[in-house]
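Everything on this sheet refers to the single structure shown next.
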Amino acid sequence: MKILAIETSCDETACAVTEGFEVISSVKITQEIHAMYGGVVPSLAKRDHEANIDFVINKALSEAKTTIEQIGAIAVTMGPGLAIALGVGIAKAKELAVKFNKPIIAVNHVEGHILSSLIDNKTQISFPCLALVISGGHTQLVLVKGFGEYKVLLESLDDDIGEALDKGARLIGLPYPGGPALENMAAKGNFKRFQLPLPMAGKEGGAFSYAGLKAAFSRLVKNVGEIDEQTRADLAACYQEKVFKHLIRTINICVQNLGMEVKDLLVGGGVAANNTLNKQLVEWGDENKIRIYYPSNKLWCTDNAAMIGVVGGIKAEKNQFSEINKVDRRARWRVDEAL
Ligand code: KG4
Ligand code: ZN
């Protein structure tokens, strides 16, 4: 069954046509207006989603050489995300569902990130496995018992990993989004030049925590004072190294204490686009005999509608369609919470 998927939870207006784990077309517009504010402004996100939603839907359908009549169901992100931004995609999905008499499927955005490494990927994963969702708004290690069966094992007590990278980047004068800017800068730097504390969240590694590291980085940047290009690169390298070290250390403690064997770890979310982290996670996986699955294309790391379509396809197969009047924006919706 072909799925038309719509995603408007944050600052990307996206639409895709998918079938099973295959992406037939995927279109997204990344809103650039937020860069000048250093973060996403919800009212501006809503305005831009409204301006672009018809365009991305029409483009996704035409690139897929598909008419809306040939679509089996409409999948839409219902949450978590910015309420007024989610509302734009949901209203459009409902409008199309009624007009063309199509079933609708409400999708959890985090479930999309969890399964994004399976897009266009033919390998069979074995359940239970783990999923790591690392983005601007999420830092979660999730136990995946099967499709649609999740248990959040770890999350952040305060800032999320992408948010920590964005804030750190800003402290040294890099543009938003900070993750990619910091990655480029860090590649030219020496991470050993400065000392920063490694966060020890929950002592036994029971959670992630980035607020303390960011505060320490802010103090370090103030102490350094005037920053030349090499110093900026060294600061970036030092901060990024600690952000990733804390991530992997915390996951490692959790996995060692899990009490069950897992063979696969699925990675998703915008921060998965980072090559340095990719290398470190694969090394950790090799040491622990855990296979690391990355999205086959960086397009599937940051927010996109293809991953929403893949979840929609799995739900359609299980006949898990939603009642149209129950599909409503849900700004907070944990992936292990029932619909
Ligand atoms: O998944 P995403 O598009 O949105 C959320 O659901 O939050 O993730 C956006 C986050 C931003 O914090 C951005 O800085 C980060 O992903 N990001 C990266 C890279 N590309 C995007 N972080 C590190 N390295 C990258 N290459
Ligand atoms: Zn996301």
Side-chain angles (χ1 to χ4, degrees), residues 5-14 16 26 28-32 34-35 37-40 42 45 49 77-82 85-86 89 107-117 119 131-140 142 155-156 159-172 174-187 208 210 214 236-237 239-248 266-281 294-295 297-308 310-311 331-335:
I6 298 173
E7 153 68 43
T8 62
S9 68
C10 191
D11 60 344
E12 331 260 352
T13 316
S26 177
K28 73 170 163 183
I29 294 182
T30 302
Q31 302 176 355
E32 277 161 14
H34 307 288
Y37 298 96
V40 179
H49 285 315
T77 305
M78 192 168 109
L82 303 170
L86 288 163
V107 173
N108 183 299
H109 180 84
V110 174
E111 184 171 10
H113 280 306
I114 288 176
L115 301 183
S116 60
S117 58
I119 295 176
L132 177 66
V133 179
I134 38 177
S135 72
H138 311 282
T139 321
Q140 296 187 344
V142 180
E155 55 197 327
S156 180
D159 290 353
D160 284 300
I161 184 166
E163 188 183 356
L165 293 170
D166 292 341
K167 286 179 176 172
R170 196 175 178 170
L171 286 170
I172 52 171
L174 297 175
Y176 176 86
L182 205 67
E183 176 176 24
N184 290 335
M185 219 4 121
F208 303 109
Y210 283 109
K214 194 220 77 187
Y239 184 64
Q240 184 181 260
E241 200 257 344
K242 284 293 187 298
V243 168
F244 294 162
K245 198 166 194 173
H246 170 59
L247 181 80
I248 295 180
L266 316 175
V267 188
V271 182
N274 188 290
N275 292 324
T276 310
L277 178 62
N278 183 328
K279 227 173 107 217
Q280 292 175 4
L281 271 174
Y294 257 89
N297 187 322
K298 286 202 177 170
L299 281 175
W300 317 139
C301 292
T302 44
D303 288 347
N304 64 86
M307 67 185 192
I308 304 303
V310 164
V311 177
R332 293 182 176 275
W333 178 18
R334 279 170 61 112
V335 74

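Just so it is clear, the model here is predicted, and its values are computed rather than measured. In what follows, residues are counted from 1 in the order of the sequence shown. Remember, it's 1-based here, ligands and their atoms both numbered in the order they're listed.
With salt bridges taken as basic N to acidic carboxylate O contacts below 4.0 Å, one links Glu155 and Arg334.
Applying the side-chain contact (heavy atoms from CB on, under 4.5 Å) test to Tyr294 and every residue at least two apart in sequence or in another chain returns Val267, Ala272, Leu277, Asn278, Leu281, Ile292. The salt bridge (charged side-chain N to carboxylate O under 4.0 Å, His left out) check on Asp159 picks up Lys167, with sequence neighbours excluded. Taking the ring pair (Phe, Tyr, Trp, His ring centres under 6.0 Å) definition, one finds that His49 meets it with nothing, sequence neighbours left out.
The shortest contact between atom 10 (C) of ligand 1 and any protein heavy atom is with Gly136 N, 3.4 Å. When hydrogens are left out, the protein atom nearest atom 12 (O) of ligand 1 is Asp166 OD2, 2.9 Å; that is the closest non-hydrogen contact. For atom 26 (N) of ligand 1, the closest heavy atom belonging to the protein is Glu183 OE1, 2.9 Å.
Close contacts of ligand 1 with Ala273, meaning ligand atoms under 4.0 Å from a residue heavy atom, involve 20 (N), 26 (N).
Residue contacts with ligand 1 leave out Cys10, since none of its heavy atoms falls under 4.0 Å from the ligand. At least one heavy atom of His113 lies less than 4.0 angstrom from ligand 1.
A donor-acceptor pair under 3.5 Å is absent between the side-chain atoms of Asp11 and the main chain of Gln31, judged by distance alone.
Selection from Ile161, Asn304, Asn274 by nearest heavy atom to atom 23 (C) of ligand 1 gives Asn274.
Expressed to the nearest 0.5 Å, how far CZ of Phe244 lies from CD1 of Ile134 amounts to 7.5 Å.
Distances between N or O atoms of Gly269 and those of ligand 1 include no value under 3.5 Å. Residue Gly270 has at least one nitrogen or oxygen atom sitting less than 3.5 Å from a nitrogen or oxygen atom of ligand 1, judged on distance alone.
Around the Zn ion (ligand 2), the protein atoms of type N, O or S found under 2.8 Å away are His109 NE2, His113 NE2, Asp303 OD1, listed by chain and number.
Between the side chains of Gln140 and Asp160, no donor-acceptor pair of N or O atoms lies under 3.5 Å.
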